[in-house]
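Just below is one structure, and these are the notes that go with it.
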There are 2 protein chains.
Amino acid sequence: MKPKRRPTLDDVASLSGVSAITVSRTIRSPEKVSERSRLKVQAAIEKLGYTPDLAASALASKSTNVIGLLVPSLTNNVFADVLRGVYDAVETTRYFVQIGNSRYSALKEEALIRVFLRQKPAGLIVAGFDQTDPALNLLETAGCPVVQIMDFGRPPVDMAVGFRHDAAARLAARHLLECGYRRPGILAARMDPRTQSRLQVFREVCAEAGVLDERRVVTTPHASSVGVGRQLLELLLTQAPDTDAVFCNNDDLAIGALMEAHRRNLHVPEDLGICGFNDLEMTRNMFPSLTSIATPRFEVGRRAVEMLLAEIEAPDSVAERNVDLGVSLIARDSTRRPR
Amino acid sequence: MKPKRRPTLDDVASLSGVSAITVSRTIRSPEKVSERSRLKVQAAIEKLGYTPDLAASALASKSTNVIGLLVPSLTNNVFADVLRGVYDAVETTRYFVQIGNSRYSALKEEALIRVFLRQKPAGLIVAGFDQTDPALNLLETAGCPVVQIMDFGRPPVDMAVGFRHDAAARLAARHLLECGYRRPGILAARMDPRTQSRLQVFREVCAEAGVLDERRVVTTPHASSVGVGRQLLELLLTQAPDTDAVFCNNDDLAIGALMEAHRRNLHVPEDLGICGFNDLEMTRNMFPSLTSIATPRFEVGRRAVEMLLAEIEAPDSVAERNVDLGVSLIARDSTRRPR
DNA sequence: CTGAATAATGACAGCGCTGTCATTTGTCAA
DNA sequence: TTGACAAATGACAGCGCTGTCATTATTCAG
């Protein structure tokens with residue numbers, strides 16, 4: 001009958017005939033321990049099946065190996081990819097990720113930041129730049145590195161990695177115009193700050209080209225989905241039946257728009273051009289394949305963690321503290337209009 | 001200039017003129033403290049902006065408020081919904097969720113269980129019943145409630161909530177047969193244990209009806225996606241061009257199959273019936289709308305947390321320890337064959 | 001008004017680790 | 001061989017909280 005109690009540092013120490021602190025060092029910085037001790041300690045650890053107690057370590061060292069990740073949505077495919085990137089980068093390290101879902105509410109986000117800070121996280125990743133003032137203040141005095149993700153432009157609290165939403169919308173608008181569409185519309189849901197920024201710039205480009213028509217701007221505060229995409233296109237075509245192209249503020253909407261076009265027997269890209277946003281795997285495989293703006297979601301997640309870890313290891317060591325990963329337009333059949 | 005140091009229990013205690021332990025009780029079980037003390041303490045907490053240190057609490061009480069969630073994939077939409085359910089249920093409680101991604105590897109899952117156990121979690125949620133033997137052993141002696149999710153049938157380590165994959169496949173197969181399809185195929189990717197179980201039962205039902213043809217069973221170990229769905233249908237139709245219906249082992253594959261059918265100018269449901277699995281929001285809004293097996297993913301996540309919390313509050317209090325949430329077939333246009 | 005019960009509070013130790021600083025051991029030039 | 005220095009190791013205190021048990025205040029039947 002084994003002792004029920006989990007083995008502690010002291011157990012390992014007495015078994016290997018060294019002091020507890022040497023065991024601690026063997027684990028955390030083996031180079032500071034002589035080879036002889038190290039081998040003895042490692043054997044004892046092996047034999048006892050010892051694993052350090054994280055709570056005790058956190059209490060004594062005043063910091064944890066938790067990386068807090070605050071996203072506005074778990075449903076949105078966009079953040080699924082960010083998550084993948086984050087987990088990919090964290091996996092081989094001693095850090096854990098803890099996710100908070102702010103549901104696109106700045107107030108809930110602020111509350112979650114408070115909650116995270118209670119556990120003295122090693123680092124924090126938050127989406128966007130639009131925190132409340134108290135939240136911003138908390139982040140500034142967090143005592144750990146912070147990376148804001150998914151956007152680029154404004155100065156970050158600490159570090160940031162993302163891409164320009166204005167540039168993305170500009171790419172989309174110009175592409176539709178270059179393809180020869182003259183009565184373009186836009187579909188947008190959720191209306192978070194990044195969506196609004198894209199909407200705004202798309203409008204501007206259209207206005208400059210003299211093709212802006214507010215009847216063709218259709219939005220909803222609801223979460224985006226394929227169903228909402230269908231509804232919004234329906235609404236758009238009711239308000240402005242002669243619309244010849246549509247920029248969908250994300251790919252779910254774009255797929256919905258495509259389906260609605262199918263239902264109405266509208267030909268894509270001849271009768272209606274469609275451009276999405278994000279370039280999810282799906283869009284490439286729709287029929288016809290959907291033009292979309294590719295966003296580096298996975299890379300954003302990975303890079304955010306890399307920046308965090310570098311900064312944790314050596315504060316102020318990260319030179320590039322505000323990173324634009326860029327976007328690109330992937331032209332496919334849904335805007336390939338025969339001239 | 002404020003003291004940089006975060007306020008502690010003792011600070012609150014001396015400000016409010018009671019002992020530290022009374023402050024602790026005011027926070028954890030206010031009903032054990034007189035109203036007079038409680039008010040004084042609460043005022044002091046407010047004034048100092050005190051928040052308990054989680055590490056210290058974990059060390060002293062030998063348990064945390066972390067709920068570990070182990071999923072095989074973060075990309076798969078299925079788990080996104082489970083996640084939502086979990087977060088939904090956890091949100092109003094004092095617990096946190098920490099996610100581990102096993103990437104469909106039982107060995108990685110075992111390692112992650114070890115990692116989670118180091119922090120003495122309040123509870124653990126793991127996907128499926130197919131853990132390695134050491135992992136099973138770890139779970140049994142975890143010292144916290146454990147819920148296995150997404151499956152039903154085998155006896156759980158502790159508790160389980162899910163649904164029957166055999167029943168789901170049976171529903172799909174019978175439906176296709178009832179719709180009059182006589183040369184049904186099946187598309188499956190990833191081939192995790194639950195997928196294999198569905199595949200197996202679909203085969204059996206087909207065999208019983210005398211319509212099983214192994215050329216129509218097309219699988220791949222790759223992760224499922226819309227693109228893979230297209231490829232698999234292509235392969236299926238190469239091997240057996242007269243196939244008249246297909247059960248896709250998840251909705252991504254089904255959407256891919258639908259797109260490939262469009263491309264080939266095959267009419268759905270006349271030339272090819274399609275039935276998906278999971279009933280993601282998308283399927284309802286495809287054109288034509290896709291028949292699918294609805295799985296209670298969100299509910300599984302929510303219920304798992306509820307069972308965990310009940311069990312944490314009062315061990316052995318949960319009566320129904322093995323819950324089948326059931327599945328249902330949602331018939332839509334993609335199998336609505338004109339007789 | 002008393003004694004017995006309960007409610008409210010507190011003292012104390014210790015959870016398992018790490019930071020700090022002191023001590024011992026080993027190495028090597030003079 | 002000695003002293004100077006670096007490398008290796010250890011003693012000790014304490015991180016901030018909670019479990020346990022003892023003590024004090026309060027209530028109430030008799």
Side-chain angles (χ1 to χ4, degrees), chain A residues 3-42 44-45 48-66 94 117-122 143 312, chain B residues 3-42 44-45 48-66 94 117-122 143 312:
Chain A
K4 191 78 207 165
R5 198 173 55 83
R6 254 181 53 180
T8 71
L9 214 46
D10 280 322
D11 298 331
V12 178
S14 55
L15 179 63
S16 51
V18 299
S19 71
I21 188 68
T22 300
V23 177
S24 173
R25 276 196 278 256
T26 310
I27 292 166
R28 291 185 302 152
S29 39
E31 75 284 359
K32 288 184 187 161
V33 173
S34 70
E35 193 178 346
R36 214 164 49 88
S37 308
R38 201 183 327 136
L39 291 176
K40 279 191 300 185
V41 169
Q42 277 163 354
I45 287 176
L48 294 174
Y50 169 77
T51 51
D53 182 302
L54 293 176
S57 154
L59 179 59
S61 70
K62 293 167 179 292
S63 93
T64 61
N65 39 190
V66 169
R94 64 190 186 84
L117 255 23
R118 278 178 55 183
Q119 32 187 337
K120 307 186 190 105
I312 292 168
Chain B
K4 192 77 205 164
R5 197 173 57 82
R6 254 180 53 179
T8 71
L9 259 193
D10 282 321
D11 298 331
V12 178
S14 54
L15 180 62
S16 51
V18 299
S19 69
I21 189 69
T22 300
V23 177
S24 174
R25 276 196 279 255
T26 309
I27 292 165
R28 292 185 301 151
S29 39
E31 74 283 359
K32 288 184 189 162
V33 172
S34 70
E35 194 179 344
R36 215 164 50 87
S37 308
R38 200 183 328 136
L39 291 176
K40 279 191 300 185
V41 170
Q42 278 163 354
I45 287 176
L48 294 174
Y50 168 78
T51 52
D53 182 302
L54 293 176
S57 151
L59 179 59
S61 69
K62 294 169 178 291
S63 96
T64 61
N65 39 189
V66 169
R94 63 191 188 85
L117 255 23
R118 278 179 56 184
Q119 32 186 338
K120 307 186 189 107
I312 292 168

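Protein chains get the first letters and strands the later ones, always in sequence-line order, with residue 1 at the start of each. Keep in mind the model is a prediction, meaning the values are calculated, not measured.
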Checklist entry - Okay, side chain of S61(B), backbone of S63(B): is any donor-acceptor separation there less than 3.5 Å? => result yes
Checklist entry - So which pairs with a foot in residues 16-25 of chain B pass side-chain hydrogen bond (donor to acceptor under 3.5 Å, both in side chains), sequence neighbours left out? => result S19(B)-T22(B), S24(B)-R28(B)
Checklist entry - For DNA chain D, which residues in residues 9-17 of chain B have a heavy atom at a distance below 4.0 Å? => result L9(B)
Next on the checklist: When you compare the side chain of T64(A) with that of L54(A), does any pair of heavy atoms fall below 4.5 Å?
Outcome noted: no
Item to check | Atom pair CG/CD1 of L9(A) and I21(A) - distance to nearest 0.5 Å | outcome: 7.5 Å
Checklist entry - Would Y50(A) and I27(A) count as a side chain to side chain contact (heavy atoms under 4.5 Å, CB included) if you check the C-alpha gap in whole Å, the side-chain angles of each, and the deciding distance to 0.1 Å? => result CA-CA 11 Å; Y50(A) 169 77; I27(A) 292 166; 3.6 Å; yes
Next on the checklist: Within the 4.5 Å heavy-atom criterion, are V18(B) and V23(B) side-chain neighbours or not?
Outcome noted: yes
Checklist outcome for this item: Per the under-4.0 Å heavy-atom filter, residues of residues 50-58 of chain A near DNA chain C come out as Y50(A), P52(A), D53(A), A56(A), S57(A)
Next on the checklist: Test side chain to side chain contact (heavy atoms under 4.5 Å, CB included) on D53(B) and T8(B); report intermediate values, then the result.
Outcome noted: CA-CA 8 Å; D53(B) 182 302; T8(B) 71; over 6 Å; no
Item to check | Straight-line distance of E35(A) CD to Q42(A) CD, nearest 0.5 Å | outcome: 9.5 Å
Item to check | Axis deviation across the helix from dC1(C)-dG30(D) to dA30(C)-dT1(D), five-pair ends, to the nearest 10° | outcome: 30°
Checklist entry - Going by heavy atoms in the side chains, are L15(A) and L48(A) under 4.5 Å from each other? => result yes
Item to check | Non-hydrogen atoms of A58(B) and A55(A) that approach each other most closely | outcome: CB-CB, 3.6 Å
Checklist entry - So how far is it from R38(A) CZ to K32(A) NZ, rounded to the nearest 0.5 Å? => result 13.5 Å
Next on the checklist: Can you confirm whether T26(B) sits close enough to K40(B) that some side-chain heavy atom of one is under 4.5 Å from a side-chain heavy atom of the other?
Outcome noted: no
For nucleotides 7-9 of chain D, tabulate all protein N/O to nucleotide N/O atom pairs closer than 3.5 Å, reporting atom names and distance.
residue: dT9(D); atom: OP1; partner: S34(A); partner atom: OG; Å: 2.7
residue: dT9(D); atom: OP1; partner: S37(A); partner atom: OG; Å: 2.3
residue: dT9(D); atom: OP2; partner: S34(A); partner atom: N; Å: 2.9
residue: dT9(D); atom: OP2; partner: S34(A); partner atom: OG; Å: 3.4

Item to check | Shortest non-hydrogen contact between R118(A) and R6(B), atoms and distance | outcome: O-NH1, 3.6 Å
Checklist outcome for this item: In the 5' to 3' direction, the nucleotides of DNA chain C bounding the stretch that comes under 4.0 Å of a heavy atom in chain A are dG16(C) to dG19(C)
